[in-house]
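These notes concern the structure reproduced below.
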Amino acid sequence: MKNKMQAFFDRITPALDKVGNNKYLQAIMSAMMATLGLIILGSFSVLGSVYASKANLTQLATLLGNVSTVTISCLALFIVFLVAKALVPYFIHGDDGVAAGIIALVNFFILTPLGTIKSGKTLTAALPTTWLSAQGVFSALIIGLLSARAYVYIKQHGWTIKMPAGVPPMVSNAFANLIPTIVLGLCAMVISFLFMLTSWGSFHQMIYAIIQVPLRGIGGSIWAMIAVSLIMQILWFFGIHGTNVVLPLVTPIWLSMDMENLAAIKAGHAAPNIIGLAFFNVVTWSGLALGLVFLMLIAKSKRYKELGRLAIVPALFGVTEPVIFGTPLVLNFDLAVPFITIIRLP
């Protein structure tokens, strides 16, 4: 039985490795990780604004509310730029992806419907934060990936303005990015106009209705999170980096749910979602094999005690590869059941 299971995973390992190393999933994961600081800053600002309001510290509450608005409530803006920026270097060596990120950001704005603010008899155009926060995360991912891929296609086919060799790189790069910016901007304008003629009214509304909401219904339950956790741990057991394979697929769903929770708390309402990316990290990563490391510290076996001393500091920060591969827990069928299930049950 053991040999059959090992042979099965040996056969599917190349396919799983391809998924884990997929350029698009890696770009998404990189963008999500890059927003960590913004999310932490915005989260503390939300909590601070709530307590400041209760303490009648109006000015402080307003300041903290503004900080949460330009971080959490604008998360989709950062994601669309970061996704495009992260994807381009996988295809064009030496291109940092900044130009593609700016193009993706512009396209996002073009596809975002403007609102109006009435002040007396004057109407002022305004950009609502509706599609800039949690509701716009999936459309930001799609716009970022498509803009970056189109940018790469144009660059690889040489559809750019080439300057003489003596021109400074700063000037030549600006002209090289001129055609991709104009072409992709015009494409975004056409797409935006076509969506105005539909019942959705905008690209964001379509993505939210037919992709984000259904996916959240499927992957936004506690049972889905348990299933994802078990799949990740089974992959780890067979020596495959389960986090890299699975987490990029569910991070957009769970992160958008976290953003909805923060927006609700900021508005004084109860958080609508129990689970989310923060829930997953606390319940799983915070205790990942940590109990085993503590037991190793007091083990009679000299080998396990030494391993426990080496692994305790990384394990406190959720890094458990020294234990997984040093015990080893990988392909250790005697410890398979506790390794796969116990850290998913807290």
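Just the heavy atoms: all of them, side chains too, but no hydrogens, waters or symmetry mates, feed the values below. All of these numbers come straight from a predicted model, not from anything done at the bench.
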State the CD1-CG distance between I161 and L178, to the nearest 0.5 angstrom. 4.5 Å
Classify the angle between the aromatic ring planes of F195 and F203 as parallel (below 30°), tilted (30 to 60°) or perpendicular (above 60°). perpendicular
For the pair F109 and L127, evaluate side chain to side chain contact (heavy atoms under 4.5 Å, CB included) and give the outcome as yes or no after the intermediate values. CA-CA 9 Å; F109 280 127; L127 184 66; 3.3 Å; yes
OG1/T35 to CG/L82 distance, rounded to the nearest 0.5 angstrom? 7.5 Å
Taking everything shown except Q156 itself, do over 12 heavy atoms lie less than 6.0 Å from its CD? yes
Check whether any side-chain heavy atom of I222 lies under 4.5 Å from a side-chain heavy atom of F279, and answer yes or no. yes
If I take atom SG from residue C187 and atom CD1 from residue I182, how far apart are they, to the nearest 0.5 angstrom? 12.0 Å
With heavy-atom distances below 4.5 Å as the criterion, would you say the side chains of M29 and L25 are in contact? no
Charged tip of R149 within 45° of F91 ring normal and under 6.0 Å: yes
Is there a donor-acceptor contact under 3.5 Å from the side chain of N177 to the main chain of A99? no
Centroid-centroid distance, Y153 to W159, less than 6.0 Å: yes
Measure from the side-chain N and O atoms of S221 to the backbone N and O of A224, and report whether any donor-acceptor pair falls under 3.5 Å. yes
OG on S192 to CE on M196, rounded to 0.5 Å: 4.0 Å
Is the backbone of T327 close enough, under 3.5 Å, to the side chain of R303 for a donor and an acceptor to pair up by distance? yes
Testing the basics here: between S53 and A61, what is the closest heavy-atom pair and its distance to 0.1 Å? OG-CB, 3.5 Å
Just by distance, no angles: are the side chains of K85 and S30 close enough, under 3.5 Å, to form a donor-acceptor pair? no
Short question: side chain of N107, backbone of A188 - any donor-acceptor pair under 3.5 Å? no
At what distance, to the nearest 0.5 angstrom, does CZ of F78 lie from CD1 of I72? 10.5 Å
Could you tell me whether a side-chain N or O of N273 sits under 3.5 Å from a main-chain N or O of N261, the two making a donor and an acceptor? no
If you count every heavy atom of other residues, nucleotides or ligands that lies below 6.0 Å from K54 atom NZ, does the total exceed 12? no
Are K155 and D95 close enough that some pair of their side-chain heavy atoms sits under 4.5 Å apart? yes
Using a 6.0 Å cut-off, check whether atom CD1 of I274 has over 12 heavy atoms from anything other than its own residue. no
At what distance, to the nearest 0.5 angstrom, does CD1 of I210 lie from CG of L215? 10.0 Å
Using 30° and 60° as the class boundaries, would you call the ring planes of W254 and F280 parallel, tilted or perpendicular? tilted
